[in-house]
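What follows is a single structure, written as structure tokens, with notes after it.
Numbers here are sequence positions counted from 1.
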Amino acid sequence: MSDDERGGERGPGGECAREALGERLRELRQGSGRTYASLARRIGVSASTLHRYCTGQTVPAEFAPVERLARLCGRTPEERESLHRLWLRADAERVERMEAGAGAASGVSVGTGADAPLAGGPRPPGGSVPPAGPGRPPASVPPAPTPVHRDGNPPAHAGAPPSARRWVRALSVCGAVAVLALALTGSLPERSEGRAAVSAPPAPPFTWTSDDHVWKYGCGHSYLVARPPTTVPPPPAEADAEGWAAALGAVHAGETEVRITLQGRDERAVVLEALRIRVVERRAPADGRVHRMSSGCGGALTPRTFDVDLDRERPVARSVPGNDTGEPIPAVSFPYRVSASDPEVLLITARAARCDCDWVAELRWSGGGRSGTVRIDDGGRPFRTSGAPGRPVHDYDHGAGRWVVGP
């Protein structure tokens, strides 16, 4: 019986695909004979997060951890393709449920999240967030199914967060429009014998994904929201945080944890030599109230951990100790090595108290006789972290069903 048929037997509704995906992941975990902690360490999530995936409590916000789990458990390309189809259904239904619940709780249509005011007001001209328009679909539109290559592997951006996948499609449209405009104006370069064609630089010998909605130990995070608390829906699960924040125009308050997952394209080792942080733009801290998330602490994350102070004129990514389900992980400095069978996960904690900062990470690498620098960002846009000095702080009272002023 195929995975699609297995999921379809559970009946219609959003719960169907989520539970079917959880069952398949649970079978993979049980068949591997490994513990949640040991598997989670290899695929770059916490043990409790993997447990929630396998029990159907939450749906992974990206396909990457599902694919890494399937590869680790020796699944065939056909089985991984089937898992990818099942995840696409579960992810789309998760977004629909989240938007329906948020709209009902706030009395505001979450479907117009791209038009919702950003905390701190509109971004200045030349800022990092492009306006909504034909080239940028609303943030609430669920991503279209991602194409899968014939070998069962999704394209390089398939494991990226939904916002990143939407930007890949948007950039493709913009590129087609630009080529058409050049053709109409006669500005396209002529091609002739003996003239070298201009081509893009070769892709680095590794893939990467980023997620900037990582909660500390899976249980807590703070967002600045420039809306009355009565219109803010309840805190989401961590896996749904990106859609929740995008619909409300929420900004990371005080700190942003960015998880970067890197994996080589083949078994040849790639050396990651250095990580630099560059602040693209600084503004005064954004307006709004601080809303603290809390969904019960999960297991500790197990990546290489870095701390960054964005208030400094030249921020530095400083390696700091981490832990693995209670066991300390010593701070380890660059270089690191990655390959297809040996991925690496970096966790950057970027803190800000005095600025509303747009920032990116730059990763220097070498391998296969080549070297270069890769810009790590949020699907083409910088990450954003704002200080929140003196801002009111709210916690959610689940008993009363409303946000209340916290201590």
Side-chain angles (χ1 to χ4, degrees), residues 28 32 39-45 60-85 87-88 143 145-165 167-169 171-172 175 197 199-212 258-276 302-304 306 332 334-348 360-380:
L28 288 177
S32 72
L39 284 175
R41 182 166 51 249
R42 297 300 303 274
I43 67 175
V45 301
E62 57 187 38
F63 180 65
V66 177
E67 184 190 23
R68 287 195 291 271
L69 178 61
R71 285 180 177 273
L72 194 60
C73 295
R75 300 300 93 179
T76 65
E78 293 75 17
E79 290 172 311
R80 296 199 301 271
E81 181 176 352
S82 180
L83 269 175
H84 187 249
R85 289 195 301 268
W87 172 82
L88 285 172
T146 307
V148 178
H149 293 309
R150 294 183 64 181
D151 64 355
N153 296 324
H157 67 274
S163 60
R165 297 199 298 268
W167 276 99
V168 169
R169 293 196 297 274
L171 289 173
S172 300
S199 59
F206 61 91
T207 62
W208 64 269
T209 61
S210 68
D211 180 6
D212 65 329
V258 178
R259 180 172 55 225
I260 304 170
T261 305
L262 307 111
Q263 187 169 22
R265 297 182 184 276
D266 52 42
E267 291 302 326
R268 291 176 294 182
V270 180
V271 178
L272 308 179
E273 298 180 345
L275 179 69
R276 292 190 175 91
T302 60
R304 310 294 188 182
F306 298 85
V332 180
F334 281 92
Y336 300 112
R337 292 177 180 269
V338 297
S339 65
S341 60
D342 190 17
E344 191 67 79
V345 180
L346 312 180
L347 180 66
I348 301 174
V360 299
E362 296 176 337
L363 184 64
R364 195 173 70 222
W365 62 271
S366 63
R370 298 191 292 125
S371 62
T373 300
V374 168
R375 167 174 156 148
I376 308 292
D377 55 24
D378 182 16

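Scanning both residues, Phe334 and Leu272, for their nearest heavy atoms gives CD2-O, 3.1 Å. Arg370 approaches Ala203 most closely through the heavy-atom pair NH2-O, 3.1 Å. For Val271 against Pro335, the heavy-atom pair with the smallest separation is CG1-CB, 3.7 Å. Ala361 and Leu275 make their closest contact through CB-CD1, 3.9 Å (heavy atoms, listed as atom of the first residue, atom of the second, distance). Closest approach of Arg337 to Glu344, counting heavy atoms only: O-OE1, 4.3 Å. Considering every non-hydrogen atom in both Ile43 and Pro65, the closest pair reads CD1-O, 4.0 Å.
The aromatic rings of Phe63 and Trp87 sit tilted relative to each other, their planes meeting at an angle between 30° and 60°.
With rounding to the nearest 0.5 angstrom, the CZ atom of Arg80 is 11.5 Å from the SG atom of Cys73. Atoms CG and CG, on Asp378 and Asp212 in that order, are 4.5 Å from each other to the nearest 0.5 Å. Separation of atoms CZ (Arg68) and OG1 (Thr209) is listed at 5.5 Å; rounding is to 0.5 Å. Put simply, CD on Glu62 and CD on Glu67 are 11.0 Å apart, with the number rounded to the nearest 0.5 Å. The CZ atom of Phe306 sits 7.5 Å away from the CD1 atom of Ile348 when rounded to the nearest 0.5 Å.
Around atom CZ of Arg268, no more than 12 heavy atoms belonging to other residues, nucleotides or ligands sit under 6.0 Å away. Applying the 6.0 Å contact sphere to CZ of Arg375 captures more than 12 heavy atoms from other residues, nucleotides or ligands.
The closest donor-acceptor contact from the side chain of Arg265 to the backbone of Pro204 lies under 3.5 Å. Between the side chain of Ser210 and the backbone N or O of Asp377 there is at least one donor-acceptor pair closer than 3.5 Å.
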Please determine whether side-chain contact (heavy atoms from CB on, under 4.5 Å) holds for the pair Leu346 and Tyr336, giving the CA-CA distance in whole Å, both sets of side-chain angles, and the decisive distance to 0.1 Å. CA-CA 10 Å; Leu346 312 180; Tyr336 300 112; 4.2 Å; yes
Determine whether Val374 and Phe206 satisfy the following criterion, side-chain contact (heavy atoms from CB on, under 4.5 Å), listing intermediate values before the conclusion. CA-CA 10 Å; Val374 168; Phe206 61 91; 3.8 Å; yes
Run the side-chain contact (heavy atoms from CB on, under 4.5 Å) test on Arg364 and Ser371 for me, step by step, so that the C-alpha distance in whole Å, both residues' side-chain angles and the decisive distance to 0.1 Å come before the verdict. CA-CA 8 Å; Arg364 195 173 70 222; Ser371 62; over 6 Å; no
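Side-chain contact between Leu262 and Leu363 is present, with heavy atoms from C-beta onward closer than 4.5 Å.
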